[in-house]
Participant: 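I'd like to ask some things about the structure below.
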Amino acid sequence: MSKIKTKFAERLGIDMPIFGFSHSVDVTAALTNAGGMGVYGIAHDPPENVQTRIDSVRRLVGPRPLGIDIMMPKGMPESETLESIRADLPQDHVDFVDRIADKYQVPKATKKSFYNSILRSPSYFEGQLQALLTSDVDLVAFGVGLTPDAVSRLKAAGKIVGALIGSPRHFDAYRDVGLDFIVAQGSEAGGHTGTIGTMVLVPEIVQRAGDLPVLAAGGIGHGAQIAAALAMGAQGVWLGTRWLTTVEHAQGDHAVGVGIRDKLFAAGSGDTGITRGSSGKPQRQIRSAWTEEWSAPNAPAPLKMPYQHALVGDLMTAIEEHEVDPLLHSPAGQGVAWSTELKSVSQVLQELGDQAIAGLDRAQSIATSA
Ligand SMILES: Cc1cc2nc3c(=O)[nH]c(=O)nc-3n(C[C@H](O)[C@H](O)[C@H](O)COP(=O)(O)O)c2cc1C
């Protein structure tokens, strides 16, 4: 098994500075058990389920470090409910969504999912945060948004706390909140993303961050990119898309279905696009009829988060439930090109580690300083 040491990896006691974000308990645990660092995303887990999820990961990783990612976007309404928002949605938006359902003959959703049953709100986030504070989680990363108060409470509870950022402006906003690490996530990333490319963003943030460890994210699917990230001053990398096509991701509650997996296998680096159609915030996804419909000239501008989510929640649930192929979609980054066949998490991690070491050697054999 290859090992790559960085100071931040040593602080966590992991063999390789490869961090893996996932909504799957099995992927998270497999990553940590294989020598990387799995970070489980609780965005879709209501507060009352968070401890159970943490327990499930803990059971699998034992004393190894356990990481959690929480999304706390600003500006979510407190006094609304999903029903009150739905009752007030603009009619042209509702008609547009109905037309998509008709055009692709999507049967009605019969199941409840995050999309059609949960509304993001400050009390939802506070409930999730409370669960983290009273848990034995070792590391917490903030996805979209954070509050300084949440960071200081987690730090007071002894957690290692970091945040994902997509621009130097974000870094400046978070500079004084006491973070322990930063994930500099470039536009190539799957999920919510900005406009600055990873290769531009990482050295910029490394320079600003000084001694604060920076992890590089966005479009990374091959170990040569890990070597490049280390050369740019990152202390490790943070990957999301690569795990969607693993054996472990086919299991459990947030399993990726075969239809989406096949699309991920077939996709090249040019087959993703950014849409606000799913959540209201720009999100990189695999291109599909869903992304095409929302970028069509007759499409209304998507609503803001969480109103867009309330608008499309039932349809998104139905698309997944009934596997309506043209509309099936998933967040995915440009590095999806490297996801070509089903592999186990440990196999992927091993390959990435070997490729990274080869990449570091290759750089030295190509160029020597004189
Ligand atoms: C399916 C999927 C879901 C994601 N959900 C979240 C999330 O809930 N919170 C978060 O901070 N990041 C989320 N991300 C972004 C990842 O944390 C990570 O930064 C990104 O995947 C890195 O780029 P890559 O996809 O090119 O590897 C998600 C990414 C994917 C692919």
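Counting convention: from 1, in listed order, for ligands and their atoms alike. Side chains are part of it too, since the values below use all heavy atoms of this structure and drop only hydrogens, waters and symmetry mates.
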Participant: Distance under 4.0 Å to a non-hydrogen atom of L239: what atoms of ligand 1 satisfy this?
Facilitator: 27 (O)
Participant: Counting non-hydrogen protein atoms only, what is the nearest one to atom 19 (O) of ligand 1? Give residue, atom name and distance.
Facilitator: Q185 OE1, 2.7 Å
Participant: Is there a heavy atom in G41 that sits closer than 4.0 Å to ligand 1?
Facilitator: no
Participant: May I ask you to identify the nearest protein heavy atom to atom 26 (O) of ligand 1, giving residue, atom name and distance to one decimal place in Å?
Facilitator: G219 N, 2.7 Å
Participant: With a 6.0 Å cut-off on ring centres, are W290 and H329 close enough?
Facilitator: yes
Participant: What protein heavy atom sits nearest atom 30 (C) of ligand 1, and how far off is it?
Facilitator: P331 CB, 4.0 Å
Participant: For V324, does its backbone N or O pair with a side-chain atom of H322 as donor and acceptor, under 3.5 Å?
Facilitator: no
Participant: For E80 and S84, which I'm curious about, is there any donor-acceptor pair between the side chains at under 3.5 Å?
Facilitator: yes
Participant: Need the ligand 1 atom indices (1-based, order shown) with element for anything under 4.0 Å from a heavy-atom of G143.
Facilitator: 11 (O)
Participant: From atom 22 (C) of ligand 1, work out which of A189, S24, S22, A141 has a heavy atom at the shortest distance.
Facilitator: A189
Participant: Which of parallel (below 30°), tilted (30 to 60°) and perpendicular (above 60°) describes F19 and W238?
Facilitator: parallel
Participant: Do the non-hydrogen side-chain atoms of I165 and F142 ever get within less than 4.5 Å of each other?
Facilitator: no
Participant: Of all the atoms in ligand 1, which lie at a distance below 4.0 Å from a heavy atom belonging to G218?
Facilitator: 22 (C), 23 (O), 26 (O)
Participant: For atom 10 (C) of ligand 1, find the nearest protein heavy atom and state the residue, atom name and distance (0.1 Å precision).
Facilitator: D69 OD1, 3.3 Å
Participant: Determine, step by step, whether H222 and W338 satisfy the ring-ring contact (aromatic ring centres under 6.0 Å, His included) criterion, reporting the C-alpha distance in whole Å, the side-chain angles of both residues, the deciding distance to 0.1 Å, and the verdict.
Facilitator: CA-CA 7 Å; H222 190 284; W338 300 107; 4.6 Å; yes
Participant: Between T272 and Q285, is any side-chain donor less than 3.5 angstrom from a side-chain acceptor?
Facilitator: no
Participant: Does G335 reach ligand 1, in the sense of a heavy atom lying below 4.0 Å from it?
Facilitator: no
Participant: Report the part of H23 (side chain from C-beta onward, or backbone N, CA, C, O) that has a heavy atom under 4.0 Å from ligand 1; answer both or neither where that applies.
Facilitator: side chain
Participant: Looking only at protein heavy atoms, which one is nearest to atom 27 (O) of ligand 1, and what is the separation?
Facilitator: G240 N, 2.8 Å
Participant: Heavy atom under 4.0 Å from ligand 1: found in T241's side chain, backbone, both, or neither?
Facilitator: both
Participant: What protein heavy atom lies closest to atom 20 (C) of ligand 1? Include the residue and the distance to one decimal.
Facilitator: G190 O, 3.6 Å
Participant: Tell me the protein heavy atom at minimum distance from atom 17 (O) of ligand 1, and give that distance in Å.
Facilitator: W238 NE1, 3.0 Å
Participant: Do the side chain of E248 and the main chain of V345 share a donor and acceptor less than 3.5 angstrom apart?
Facilitator: yes
Participant: Is it true that F114 and H309 have ring centroids separated by less than 6.0 Å?
Facilitator: yes
Participant: Numbering the atoms of ligand 1 from 1, which are under 4.0 Å from a heavy atom of A43?
Facilitator: 8 (O)
Participant: Taking the side chain as every heavy atom from C-beta outward, state whether T241 and F21 have any pair of such atoms under 4.5 Å apart.
Facilitator: no
Participant: Answer whether the closest heavy-atom distance between the side chains of P213 and K7 falls below 4.5 Å.
Facilitator: no
Participant: Which protein non-hydrogen atom lies closest to atom 28 (C) of ligand 1, naming both residue and atom, and how far is it?
Facilitator: F21 CE2, 3.7 Å
